[in-house]
Chemist: 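Encoded as structure tokens, here's the structure I'll be asking about.
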Amino acid sequence: MAQITKKMTIGQLLAVDPNIAPILMRMGMHCLGCPSAQAESLEEAAMVHGMDADVIEKQINDFLAGQE
């Protein structure tokens, strides 16, 4: 089962599964294609957007678990 961590960059997350993008977009992270966002960790992106990285990490991993 694929799993992500909050230490992974946005680019790495999207490489695991491009279907993670809509999850991040719904949370207000609309700049996924920006070069700086691609190199930013999920933890850094969450901090910039005032969100809890642990919650986002769990939501994405729950989504990935449901894909199998």
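Residue numbers count from 1 along this sequence. Atoms considered below: every heavy atom in the structure, side chains included; atoms not considered: hydrogens, waters and symmetry mates.
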Chemist: In this structure, would Met8 and Met25 fall into the same cluster of hydrophobic residues linked by side-chain contacts under 4.5 Å?
Modeler: yes
Chemist: Is it possible for you to say whether Val16 and Ile56 belong to one hydrophobic cluster, with membership spreading through side-chain heavy-atom contacts below 4.5 Å?
Modeler: yes
Chemist: CD1 of Ile23 to CG of Leu32: how many Å apart, nearest 0.5 Å?
Modeler: 11.0 Å
Chemist: Looking only at non-hydrogen atoms, find the nearest pair between Ile10 and Ala45 and report the distance.
Modeler: CD1-CB, 4.2 Å
Chemist: Ignoring hydrogens, what is the shortest heavy-atom contact between Ile4 and Leu42? Give both atom names and the distance.
Modeler: CD1-CD2, 4.0 Å
Chemist: State, yes or no, whether a side-chain contact exists between Met27 and Gln59 at a heavy-atom distance under 4.5 Å.
Modeler: yes
Chemist: Would you check if the side chain of Gln3 reaches a backbone N or O of Asn61 as a donor-acceptor pair within less than 3.5 Å?
Modeler: no
Chemist: Side chain of Glu40, backbone of Thr9: donor and acceptor closer than 3.5 Å?
Modeler: no
Chemist: Not counting sequence neighbours, which residues clear salt bridge (charged side-chain N to carboxylate O under 4.0 Å, His left out) with Asp17? List them please.
Modeler: none
Chemist: With a 4.0 Å cut-off on N to O distance, would you call Lys58 and Asp54 a salt bridge?
Modeler: no
Chemist: Could you check if a side-chain atom of Leu24 sits within less than 4.5 angstrom of a side-chain atom of Ile60, using non-hydrogen atoms only?
Modeler: yes
Chemist: Return each pair, listed once, that meets side-chain hydrogen bond (donor to acceptor under 3.5 Å, both in side chains) where at least one residue sits in residues 41-52; pairs must be two or more places apart or across chains.
Modeler: Lys7-Glu43, Ser41-Glu44
Chemist: Side-chain contact test, heavy atoms from C-beta onward, threshold under 4.5 Å: evaluate it for Gln67 versus Phe63 and give yes or no.
Modeler: yes
Chemist: Quick one, Met29 with Met51, criterion side chain to side chain contact (heavy atoms under 4.5 Å, CB included). Give me CA distance, side-chain angles, the key distance, then yes/no.
Modeler: CA-CA 10 Å; Met29 296 183 187; Met51 299 175 185; 3.9 Å; yes
